[in-house]
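Data block below; observations after.
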Amino acid sequence: MASQNDNHDVAQQLRPRCALLSRHKLRRTARQQVVVVRDHCVQRGVGERWMKDGGIKETDPLAMADTDYAGSMLASAYKPPSLLPIAKYRDKLLYTIETFPVTVLIGQTGSGKTTQLPQYLEQAGWCDGGKVVAVTQPRRVAATSVATRVAEEVRCDIGQEVGYSIRFEDLTSEKTRIKFLTDGLLLREALVDPLLSRYSVIMVDEAHERSLSTDILLGVLKKIRKKRPELRIVVSSATLQAEDFLNFFTDTAEAHDTSSPPGGSQGRIFHLGGRMYPVDIQYLEQPAEDYVERTLKTVFDIHSTEAEGDILVFLTGREEIDHVVEEIATRSQELHHQSQKLQPLPLYAGLSSDQQMYVFEPATPNTRKVVVATNIAEASVTIDGIVYVIDCGYVKLRAYSPSTGIETLTATPVSKASATQRAGRAGRTKPGKCFRIYTSSDYATLHEATPPEVQRSNLAPIILQLKALGIDNVARFDFLTSPPAELMVRALELLYSLGALDDYARLTKPLGSRMAELSIEPFMAKVLLVAPEFGCLSEMLSIAAMASLQGAVWFSHDGEKKASESARRKFAAEEGDHLTLLNVYQAFITKGKKDAGWCRNNYLNFKSMTRAVSIRNQLRRYLERFGIDVSESLAPSALRVGGPDIGEKIRRCLTTGLFSQAARMQPDGTFKTVNGGTTLHAHPSSLMFNRKADWVIFQEAMETGTKIFIRDVTKIEKAWLLEYAPSFYKVKQ
DNA sequence: GAGCACTGC
């Protein structure tokens with residue numbers, strides 16, 4: 001395998017310095033290009049140039065923001081349930097939930113709220129009569145890991161009394177009384193059971209993260225509550241937003257009565273105590289000119305002046321992280337006087353899970369770990385042993401422009417809530433320190449919280465789902481935070497142009513309601529539902545499944561760009577990326593025999609490919625339920641992808657969903673949108689990056705830095721746009 | 001020549 005050879009070469013070069021390491025460690029070392037020696041001579045103390053701050057006080061609710069079981073790979077240190085902070089509040093908590101329909105729970109890391117409260121509720125009889133206690137999580141890994149933990153505590157097999165349900169994995173049974181699930185999945189359950197009637201208590205965990213589906217779920221729960229007064233809602237929040245959540249649910253005449261406590265007879269905020277170690281926060285005295293460089297210096301300052309303990313560095317993206325990891329390795333070599341070593345480790349979502357594992361392994365003796373991470377380490381992944389945090393003050397945020405339909409991904413100053421959350425990562429196991437690469441006056445100008453996703457996303461999928469839930473007047477839907485009107489208008493226009501909504505913005509039948517049911521983006525749902533008319537349903541199912549992987553198909557290795565390029569060329573279809581994806585899928589199913597080794601040889605991500613098979617199966621089941629005949633009779637060999645016939649059918653079919661995302665190639669190889677106003681570049685991962693084309697449609701446009709890249713690009717004919725979207729293009733011309 | 005993080009009976 002080429003990658004191993006490469007690593008081996010690097011390992012050979014490193015051998016003299018790493019003679020004492022085991023072979024396994026050596027390979028690790030080589031892959032990370034790390035393990036270096038530091039100098040004692042750096043004299044300046046970190047504290048000299050830093051403004052001191054009082055640190056996070058125990059009463060600061062922001063400091064408590066955390067996920068109990070966010071890290072899938074590393075369970076928190078086990079504490080007997082009876083010793084958890086929540087234990088002493090058991091009776092009071094049960095009384096509050098019994099008395100008030102809505103409870104907002106504030107609890108910090110390790111308080112036990114996620115694992116213990118469901119058990120208390122079950123013991124108190126909330127599961128009598130076949131009712132179920134539901135606990136939602138924003139992430140799949142959290143739902144599975146916390147369910148597994150609770151099943152262990154209850155001493156049942158997972159899927160019996162305690163179970164979980166996430167997409168493609170339902171480990172529940174008729175006996176299940178406590179059920180963990182993703183919030184997106186609970187929303188989907190509401191399509192079948194609009195009042196979520198099997199649940200007696202619904203706990204929405206990590207609500208402060210304000211994910212799109214959490215926000216919508218809360219709005220739906222507020223509606224359900226009016227028809228089900230016996231339902232109990234527990235919102236677990238870890239931030240100052242607790243009062244916003246309470247006000248949201250109890251916003252009635254009574255709430256304005258100043259003589260009654262906040263929440264009136266409808267709700268209460270419940271503070272769980274708990275322990276978090278103090279974190280000493282230090283700011284820059286002067287703003288940094290180059291925060292990456294300043295971050296690097298801070299790493300070495302900490303290493304030379306501070307006591308033992310690992311460092312967690314927050315940066316914005318892969319490029320910065322790779323640079324900093326390399327620099328730490330290089331600069332450490334310049335230092336002499338062997339003492340404690342520095343071990344920089346990168347952490348971002350784009351790494352394979354093997355590569356991510358390294359950050360969870362304890363540092364080798366006499367070594368200080370420096371984990372250089374994106375925001376993934378803020379909530380999704382928890383690493384033990386961190387004593388120092390360096391916060392660069394920025395995060396890359398995604399936003400959707402309703403006027404252009406283009407997404408942007410830009411580095412933005414973090415919010416105060418985010419900064420507090422990052423700092424808190426230093427105080428998990430003992431008192432820690434947080435170094436902020438900005439001044440305290442910069443901090444004062446930060447927003448309180450990151451704008452929720454509902455204010456910066458394409459709302460078409462959500463609007464479609466709300467319509468399917470019977471919420472016709474989406475403009476009056478009770479959003480926790482209202483999205484900008486332009487986002488709503490754009491989403492409605494898009495759904496109308498796809499034929500999902502009629503002139504009165506009502507869901508069309510069967511097209512609109514079926515689109516809502518398909519767990520796939522609206523434009524692709526439309527494409528799938530019209531595919532039978534084009535005679536390419538089987539192929540389109542594969543394309544839809546592959547396209548929803550969103551670029552995670554190819555496995556790229558540094559230093560092997562050429563090899564992976566030529567591997568990709570084997571699957572290339574002249575007509576563009578969608579047909580190439582089809583070729584990949586069909587090769588995986590037939591030649592690949594669903595084989596991990598075959599994937600590796602072709603630089604394909606095996607996990608993603610397996611997921612594509614699951615998605616395809618799920619989509620096929622939906623279509624069959626609609627009564628659509630999914631004929632799989634076409635043998636892949638009979639299907640000459642790249643040939644004129646089926647390829648054109650597929651491209652025409654794609655145009656019926658993607659017509660609004662069309663562009664024309666210019667002589668210089670860039671693209672211009674239909675109205676001619678915007679210049680687009682083919683993303684280097686696209687086949688169209690170095691090929692000629694005229695008109696194309698694309699699935700995604702994203703602005704990063706100064707360029708706008710389009711991904712998943714397919715050639716079409718201009719005439720098709722007018723043929724399949726006459727009203728859309730008449731308006732424009 | 002390159003993109004933060006999540007997710008769907």
Side-chain angles (χ1 to χ4, degrees), chain A residues 67 70 136-143 164-172 179 181-193 206 209-217 314-322 347-350 373-381 392 394-399 407-412 414 418 450 453 456-457 461-462 464-465 468 516-522 524-525 548-552 554 556 558 561-562 564-565 611 614-615 617-619 621-622 625 669 681-686 689-690 700-711:
Chain A
T67 356
T136 73
Q137 295 290 329
R139 282 172 293 277
R140 292 162 55 95
V141 279
Y164 69 82
S165 191
I166 59 178
R167 190 184 186 186
F168 306 131
E169 268 181 81
D170 182 11
L171 277 178
T172 60
K179 177 171 165 183
L181 71 174
T182 48
D183 38 28
L185 197 50
L186 187 60
L187 260 182
R188 295 219 137 234
E189 282 192 13
L191 285 176
V192 182
D193 176 8
E206 316 294 355
E209 290 187 20
R210 302 295 307 272
S211 77
L212 201 48
S213 44
T214 304
D215 268 23
I216 302 302
L217 178 62
F314 284 101
L315 288 171
T316 67
R318 195 184 75 176
E319 209 179 327
E320 275 175 13
I321 289 170
D322 288 346
L347 178 65
Y348 45 82
T374 59
N375 228 29
I376 193 172
E378 195 180 296
S380 310
V381 168
C392 78
Y394 291 92
V395 63
K396 272 190 189 165
L397 271 193
R398 204 167 173 149
E407 285 188 304
T408 53
L409 189 59
T410 36
T412 320
V414 292
S418 224
T450 309
E453 280 184 358
R456 49 190 173 91
S457 303
I462 283 301
L464 197 56
Q465 210 168 357
E517 260 194 81
L518 286 170
S519 52
I520 197 166
E521 292 206 30
M524 197 51 103
S548 52
L549 297 177
Q550 302 194 326
W554 302 98
S556 80
D558 285 337
K561 279 177 188 159
K562 281 194 177 164
S564 57
E565 271 307 306
R611 191 172 160 83
S614 302
I615 296 173
N617 285 335
Q618 191 182 51
L619 293 173
R621 282 199 302 274
Y622 276 119
R625 207 189 305 154
H681 299 260
H683 192 272
S685 69
S686 168
F689 176 65
N690 47 17
E700 193 185 57
M702 179 171 276
E703 185 178 346
T704 56
T706 54
K707 285 182 179 173
I708 303 170
F709 291 102
I710 52 176
R711 255 205 31 214

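In the text below, chain A, chain B and the rest are named by the order of the sequence lines, each starting its count at 1.
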Compare side-chain N and O positions of [X] against OP1 and OP2 of [N] and report whether any pair is under 4.0 Å apart.
X	N	result
Ser165(A)	dC9(B)	no
Thr182(A)	dG8(B)	yes
Gln618(A)	dC9(B)	yes
Arg140(A)	dT7(B)	no
Arg711(A)	dA2(B)	no
Thr316(A)	dC4(B)	no
Tyr622(A)	dC9(B)	yes

Do the non-hydrogen side-chain atoms of His681(A) and Phe709(A) ever get within less than 4.5 Å of each other? yes
Closest-nucleotide 5' rank along DNA chain B - winner of Asn375(A) and Arg625(A):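 Nearest nucleotide further toward 5': that of Asn375(A).
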Reckon Leu212(A) touches a base, only the sugar-phosphate, or nothing at all at heavy-atom distances under 4.0 Å?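 If one applies the 4.0 Å heavy-atom cut-off, Leu212(A) turns out to touch nothing in the nucleic acid.
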Under 4.0 Å, heavy atoms only, any strand: does Ser213(A) hit a base, just the sugar-phosphate, or nothing?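 Since no nucleic acid heavy atom lies under 4.0 Å of Ser213(A), the category is nothing.
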Nearest to the side chain of [X], heavy atoms from C-beta on, is which of [options]?
X	options	result
Ser380(A)	dC4(B), dG8(B), dA5(B)	dA5(B)
Phe709(A)	dT7(B), dA5(B), dG3(B)	dG3(B)
Val192(A)	dC9(B), dC4(B), dA5(B)	dC9(B)
Arg139(A)	dA5(B), dG8(B), dT7(B)	dT7(B)
Glu189(A)	dG3(B), dC9(B), dC6(B)	dC9(B)
Pro684(A)	dC4(B), dC9(B), dG1(B)	dG1(B)
Ile166(A)	dG3(B), dG8(B), dG1(B)	dG8(B)
Thr704(A)	dA2(B), dG3(B), dC6(B)	dG3(B)
Leu409(A)	dG8(B), dG3(B), dC6(B)	dG3(B)

Expressed as a whole number of angstroms, how long is the span from [X]:[atom1] to [N]:[atom2]?
X	N	atom1	atom2	result
Gln550(A)	dG8(B)	CD	C1'	12 Å
Ile710(A)	dG3(B)	CD1	C1'	15 Å
Arg167(A)	dC6(B)	CZ	P	16 Å
Arg456(A)	dC6(B)	CZ	P	14 Å
Ile615(A)	dC9(B)	CD1	P	11 Å
Glu319(A)	dG1(B)	CD	C1'	11 Å
Lys707(A)	dG1(B)	NZ	P	6 Å
Glu378(A)	dC6(B)	CD	P	12 Å

Do Glu703(A) and dG3(B) share a donor-acceptor pair, side chain to base, under 3.5 Å? no
Do the side chain of His683(A) and the base of dG1(B) come within less than 3.5 angstrom through a donor-acceptor pair of N or O atoms? no
Taken in chain and number order and not counting sequence neighbours, the residues that satisfy ring pair (Phe, Tyr, Trp, His ring centres under 6.0 Å) with Tyr622(A) are none
To the nearest 0.5 Å, tell me how far Thr412(A) OG1 sits from Lys396(A) NZ.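 That separation rounds to 10.0 Å.
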Say you draw a straight line from CE of Met702(A) to NE2 of His683(A); how long is it, rounded to the nearest 0.5 Å? 9.5 Å
Ignoring hydrogens and angles, state whether a donor on the side chain of Ser519(A) or Arg188(A) is under 3.5 Å from an acceptor on the partner side chain.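 Per modelled atom types, Ser519(A) and Arg188(A) side chains form no pair under 3.5 Å.
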Looking only at heavy atoms, which two atoms of Thr316(A) and Ala411(A) are closest? And how far apart?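 Closest approach of Thr316(A) to Ala411(A): CG2-CB, 4.4 Å.
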Apply side chain to side chain donor-acceptor pair (under 3.5 Å) to the pair Glu206(A) and Thr214(A), showing each step before the final yes or no. CA-CA 9 Å; Glu206(A) 316 294 355; Thr214(A) 304; over 6 Å; no
